[in-house]
Trainee: 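Take a look at the following structure, please.
To find a chain, count down the sequence lines: A is the first, B the second, and so on, and within it residues start at 1.
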2 protein chains.
Amino acid sequence: MLASNLTIRPLFEEAATVDEPCGLAMLFVRNPIERAAPGQIVFFEGDRALHLFVIREGNVRICRQLHDGRRVITGFLAKGDVVGVSFKNRYLYSAEALDNVSFQRQTKVEFEKQLLARPDLRPMLLTQLCDEVAAAQDQMVLLSCRSAEERLCSFLLARLQKSMAQGCEPNVINLPMTRLDIADYLGLTIETVSRTITKLAGQGILSAGRRHEILVLKKSALVQRAGEDEADGDDTVDDAPRHYHH
Amino acid sequence: MLASNLTIRPLFEEAATVDEPCGLAMLFVRNPIERAAPGQIVFFEGDRALHLFVIREGNVRICRQLHDGRRVITGFLAKGDVVGVSFKNRYLYSAEALDNVSFQRQTKVEFEKQLLARPDLRPMLLTQLCDEVAAAQDQMVLLSCRSAEERLCSFLLARLQKSMAQGCEPNVINLPMTRLDIADYLGLTIETVSRTITKLAGQGILSAGRRHEILVLKKSALVQRAGEDEADGDDTVDDAPRHYHH
DNA sequence: CGAAACTTTGATATTTCTCAAGTTTAGTGG
DNA sequence: CCACTAAACTTGAGAAATATCAAAGTTTCG
């Protein structure tokens, strides 16, 4: 067996936009491409973890269900992401298609075997695991002590970066997930997410066009309101009060 | 280089109580034992990440500082835990002694070299990374959608398990950290932690004796109030209303 | 075109935070 | 060994953020 239940990003994010699978993703190329329609579940939390998956097209949400019905989304996957690496026998979360998804699977056993044949790919596995931990810890910080506005701004900036990398028009954020997905990812309610977007739009910071697309008008203001994160200003600067905790 | 910035639990938790270092911890035995007094910092967030560390005695908190002064504790370490594994050049968090700590260090380079010489230890690194991711995701769930009471009860149960494993008297929780540490770990304020403990004590579920020790009177009630987690009842059962989100 | 799903908006409730003051504990030095 | 001090913890009252409940608007898709 191999590695804990988790999601793995491609080693070279940029390369993921190219159609030639590289890195760990190349270990899946021999298998047939499968498809999942929006809302369809690729694998269930609690299922025996027999396969790893790589996303070829579309977007996926990673969910954990609490027995009382509450749901937490621990991440979103896109083209090139690998998911299901695990030392555990069962998946610790389910993976659900957000839109039309195509993916490939590989049995754990075969994955391991191929990994042995390609020792150059092994460090990538470690790198991915480490990045995964870093991402999870960042999310812990976000959930621990950030206000709704800070959470949403952080999220939108991360999404903006991803959208840009995927070749969207500049300053356009692609949001393949619903508001409820965003809420469950940020530890908020759908109403709070909606209100916060409305507020930011009212301040001229962004403009919510179609449901799954947001235009960023003042990136610097978004960065400020995100509280931490990467700086990379390019326009006007506003004042951004903050509060909360200690 | 090797592995992302994170903390690693010993492969066999039980064995950690034995003084013979095993697993990854054995890669440190040749180095001198260093000591840190309470409050002293073993390494700083942002420092160049040149070493890995193993805790030999005492307890350590893992902190991330936000630029506005807020602090998040992402974990606590104890005897046998390894910390500092990273592909990154700099530590993503600092490690601070809670009490009198003794530890050993090892350079990354030497650690890697020794790991090559002991290929049987390599899967342990993966296992640890995976466990780390799983733990971080559990914490995300906790921070995402659990009430103060649920968080505290989860935390106390986890600590109870750890205390038992370390050979404390049954039902005694050892808390080497302060209330503020607990608050920063659970994403609450110190006042909320205090009030919640008081409330649980008032309900006869636990009894706060000395500052760093709590006696569990009704473990099953604690499990119920924790909301999820491992079941393992052994006494009375109460009703536990819950609420919050969706 | 109409229904269903998704989103926004509003009014109110609740939790938890904040600020402030008091109490206990642990540690120090006389 | 005790008194004293600083740190840690508890408790209370009020404020703020966000959740909840409810209803009305949109968009999407058949």
Trainee: Rounded off to whole Å, could you give me the CZ-to-C1' distance for the A/Arg179 and D/dT26 pair?
Mentor: 12 Å

Trainee: Which listed nucleotide (D/dT18, D/dT28, C/dA26) is nearest to the side chain of A/Arg210?
Mentor: D/dT28

Trainee: So does B/Asp184 pair up with B/Arg64, basic N to acidic O under 4.0 Å?
Mentor: no

Trainee: I need the CZ-P distance between A/Arg151 and D/dT18, as an integer number of Å.
Mentor: 7 Å

Trainee: Round to a whole Å and report the spacing from CZ of B/Arg195 to C1' of C/dT15.
Mentor: 11 Å

Trainee: For B/Ile197 and for A/Ala148, locate the closest nucleotide of DNA chain D by heavy-atom distance; then report the residue assigned to the nucleotide nearer the 5' terminus.
Mentor: B/Ile197

Trainee: For the pair made of CG in A/Asp99 and C1' in C/dC6, what is the distance, rounded to whole Å?
Mentor: 16 Å

Trainee: Taking CD from B/Glu191 and P from C/dC19, how many angstroms apart are they, rounded to a whole number?
Mentor: 10 Å

Trainee: Once you apply a heavy-atom cut-off of 4.0 Å, does B/Thr198 come out as touching a base, just sugar-phosphate, or nothing?
Mentor: sugar-phosphate

Trainee: D/dC9 phosphate, OP1 or OP2: any side-chain N/O from B/Ser194 under 4.0 angstrom?
Mentor: no

Trainee: What integer distance in Å separates A/Arg211:CZ from C/dA5:C1'?
Mentor: 7 Å

Trainee: Say whether, by atom type as modelled, one donor and one acceptor occur between the side chain of B/Glu45 and the main chain of B/Gln65 under 3.5 angstrom.
Mentor: yes

Trainee: Output the distance between atom CD (B/Glu57) and atom CG (B/Asn100), rounded to the nearest 0.5 Å.
Mentor: 10.0 Å

Trainee: Between P on C/dA26 and CD on B/Glu213, what's the gap in Å once rounded to a whole number?
Mentor: 11 Å

Trainee: Of A/Asp99, A/Asp81, A/Asp181, which is the lone residue that meets side chain to side chain donor-acceptor pair (under 3.5 Å) with A/Asn59?
Mentor: A/Asp99

Trainee: Could you tell me the separation between the CZ atom of B/Arg146 and the C1' atom of C/dT16, rounded to a whole number of Å?
Mentor: 18 Å

Trainee: Check the phosphate of D/dA17 against A/Ser147, side-chain N and O only, distance under 4.0 Å to OP1 or OP2. Yes or no?
Mentor: no

